[in-house]
Undergrad: 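The structure that follows is given in the form of structure tokens.
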Amino acid sequence: MPPTGALFPRDVEVRRSRRRVRTVTAFRENGRLVVAIPARFTRAQEREWVTLMAARVAAQERRRRPSDLELLERARYLSERYLGGDAVPTSVTWATNQGRRWGSCTTTDGTIRISARVRGMPRWVLDYVLLHELAHLLHAGHGPEFWALVGRYPRTERARGFLEGVAHATDNQPPDDSEG
């Protein structure tokens, strides 16, 4: 049973392991923070490590779940780095109504929407989705010029494979390349 109280909120579970000798790890499982520690740790060491690991996981989650403003800043950085600054979005926001697309772009007004399903994915996957949508500001379709721009991102194929795996795992349907 996980400890509760001010130091251990109900969404934290501490798992002690006789096999674990020195290392401490933390991860999310069913919405809870699980902190795995060596069985020999004292209660004081447990409290210290839970506090430290909770802070680390929270920092990691903040990096993986940027705000709309941070998305816009990241998009501007990616445009500068890979597109010579030619793609200039007017806004970049998270969208909760994109069930099949990873992102979308309205070229007439320069708005980009990134599916909330991308939140929490590795940064290099988010960067690929952002760059994909930025490239649409320069080429609306998925022709050779478009893919040449997207191909400037070194992790394009890896990110596409990651997204195809997620799509397969969630709905057994790979994303259609004709979708934004």
Undergrad: Any chance you could measure L130, atom CG, to I114, atom CD1, to the nearest 0.5 Å?
TA: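 Interatomic distance, L130 CG to I114 CD1, rounded to 0.5 Å: 4.5 Å.
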Undergrad: Transitive ILVMFWY cluster of L69 at side-chain heavy atoms under 4.5 Å: who else is in it?
TA: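 L69 shares its hydrophobic cluster with no other residue.
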Undergrad: Looking at residues at least two apart in the chain, or sitting in another chain, which of them share a side-chain hydrogen bond (donor to acceptor under 3.5 Å, both in side chains) with S91?
TA: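 S91 satisfies side-chain hydrogen bond (donor to acceptor under 3.5 Å, both in side chains) with no other residue.
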Undergrad: Out of curiosity, T107 OG1 to H136 NE2, how far, rounded to the nearest 0.5 Å?
TA: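 The OG1 atom of T107 sits 9.5 Å away from the NE2 atom of H136.
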Undergrad: In Å, rounded to the nearest 0.5 Å, how long is the span from OH of Y82 to OG1 of T156?
TA: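 Reported value, rounded in 0.5 Å steps: 8.5 Å.
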Undergrad: Given the rule that I, L, V, M, F, W and Y join up when any side-chain heavy atoms are under 4.5 Å apart, are L52 and V50 in one cluster?
TA: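 Yes, one cluster joins them.
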Undergrad: May I have the step-by-step check of side-chain contact (heavy atoms from CB on, under 4.5 Å) for L137 and I112, ending in yes or no?
TA: CA-CA 9 Å; L137 292 175; I112 293 174; 4.2 Å; yes
Undergrad: Could you list the residues that satisfy salt bridge (Lys or Arg N to Asp or Glu O under 4.0 Å) with R74, not counting sequence neighbours?
TA: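 Expected list: D127.
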Undergrad: How far does CG of L78 sit from CZ of R76, to the nearest 0.5 angstrom?
TA: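 The CZ atom of R76 is 12.5 Å from CG of L78, to the nearest 0.5 Å.
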Undergrad: Residues two or more places apart in sequence or in another chain: which of them pass side-chain contact (heavy atoms from CB on, under 4.5 Å) with A135?
TA: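 With sequence neighbours excluded, A135 shows a side-chain contact (heavy atoms from CB on, under 4.5 Å) to F146, L149, V150, given in chain and number order.
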Undergrad: What's the shortest heavy-atom distance between H132 and W147, and which atoms?
TA: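 Looking at all heavy atoms of both residues, the closest pair is CE1-CH2, 3.8 Å.
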Undergrad: Using the rule that Ile, Leu, Val, Met, Phe, Trp and Tyr join whenever any side-chain heavy atoms are under 4.5 Å apart, tell me whether V12 and V34 fall into a single cluster.
TA: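 No, it is not one cluster - the side chains of V12 and V34 are not joined through contacts under 4.5 Å.
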Undergrad: List for me each residue that meets side-chain contact (heavy atoms from CB on, under 4.5 Å) alongside T108, sequence neighbours excluded, and say none if there are none.
TA: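 Result, side-chain contact (heavy atoms from CB on, under 4.5 Å) vs T108: T106.
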Undergrad: Determine, stepwise, if the pair V57 / F27 fulfils side-chain contact (heavy atoms from CB on, under 4.5 Å).
TA: CA-CA 7 Å; V57 168; F27 54 92; over 6 Å; no
Undergrad: Could you measure the distance from the CG atom of L138 to the OG atom of S79? Nearest 0.5 Å is fine.
TA: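 OG of S79 is found 7.0 Å from CG of L138.
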Undergrad: Under the ring-ring contact (aromatic ring centres under 6.0 Å, His included) rule, collect the residues that match up with F162, sequence neighbours excluded.
TA: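 So F162 forms a ring-ring contact (aromatic ring centres under 6.0 Å, His included) with W124.
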Undergrad: Got L71 and P66 here, is their nearest side-chain heavy-atom distance under 4.5 Å?
TA: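 The answer is yes; the side chains approach within 4.5 Å.
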Undergrad: Going by side-chain hydrogen bond (donor to acceptor under 3.5 Å, both in side chains), name the residues that satisfy it together with S115, two or more places apart in sequence or in a different chain.
TA: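 Result, side-chain hydrogen bond (donor to acceptor under 3.5 Å, both in side chains) vs S115: R117.
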Undergrad: Under the criterion side-chain contact (heavy atoms from CB on, under 4.5 Å), I'd like the reasoning laid out for L131 against L83: C-alpha separation, chi angles, the key distance, then a yes or no.
TA: CA-CA 9 Å; L131 192 68; L83 305 174; 3.8 Å; yes
Undergrad: In terms of hydrophobic clusters joined by side-chain contacts under 4.5 Å, are V88 and Y153 together?
TA: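 In one cluster: no.
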Undergrad: Using a 3.5 Å distance criterion without hydrogens, assess whether the side chain of D68 forms a donor-acceptor pair with backbone atoms of W94.
TA: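 Looks like yes, one N/O pair under 3.5 Å.
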Undergrad: How far does CE of M53 sit from CD1 of I37, to the nearest 0.5 angstrom?
TA: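 Answer for the CE-CD1 pair, M53 versus I37, is 11.0 Å.
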Undergrad: Considering residues at least two apart in sequence or located in another chain, which fulfil the side-chain hydrogen bond (donor to acceptor under 3.5 Å, both in side chains) criterion with E70?
TA: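 Result, side-chain hydrogen bond (donor to acceptor under 3.5 Å, both in side chains) vs E70: S67.
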Undergrad: Sequence neighbours excluded, which residues qualify as side-chain hydrogen bond (donor to acceptor under 3.5 Å, both in side chains) partners of R40?
TA: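 None.
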Undergrad: If you take all heavy atoms of L163 and M121, which pair is closest and at what distance?
TA: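 Shortest heavy-atom contact: CD2-SD, 3.8 Å.
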Undergrad: Applying side-chain contact (heavy atoms from CB on, under 4.5 Å) to Y128 and R155, what does each step give before you reach the verdict?
TA: CA-CA 7 Å; Y128 164 75; R155 290 186 165 182; over 6 Å; no
Undergrad: Quick one: does T111's side chain get under 4.5 Å of P89's, heavy atoms only?
TA: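 No. Closest side-chain heavy atoms not under 4.5 Å.
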Undergrad: What is the minimum heavy-atom distance between D11 and G31, and which atoms define it?
TA: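 Smallest interatomic distance, heavy atoms only, reads CB-O, 4.4 Å.
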Undergrad: Only pairs at least two apart or in different chains count here, so list each salt bridge (Lys or Arg N to Asp or Glu O under 4.0 Å) that has a residue in residues 17-29.
TA: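 For residues 17-29: R15-E29, R28-E61.
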Undergrad: Could you list the residues that satisfy side-chain contact (heavy atoms from CB on, under 4.5 Å) with A95, not counting sequence neighbours?
TA: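 With sequence neighbours excluded, A95 shows a side-chain contact (heavy atoms from CB on, under 4.5 Å) to N97, Q98, R113, given in chain and number order.
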Undergrad: Would you say that more than 12 heavy atoms from the other residues, nucleotides or ligands in this model lie under 6.0 Å from the CG of N30, or not?
TA: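 For N30, atom CG is not crowded (no more than 12 foreign heavy atoms under 6.0 Å).
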Undergrad: For residues 80-98, which residue pairs pass the salt bridge (Lys or Arg N to Asp or Glu O under 4.0 Å) check, not counting sequence neighbours?
TA: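 Matches after skipping sequence neighbours: none remain.
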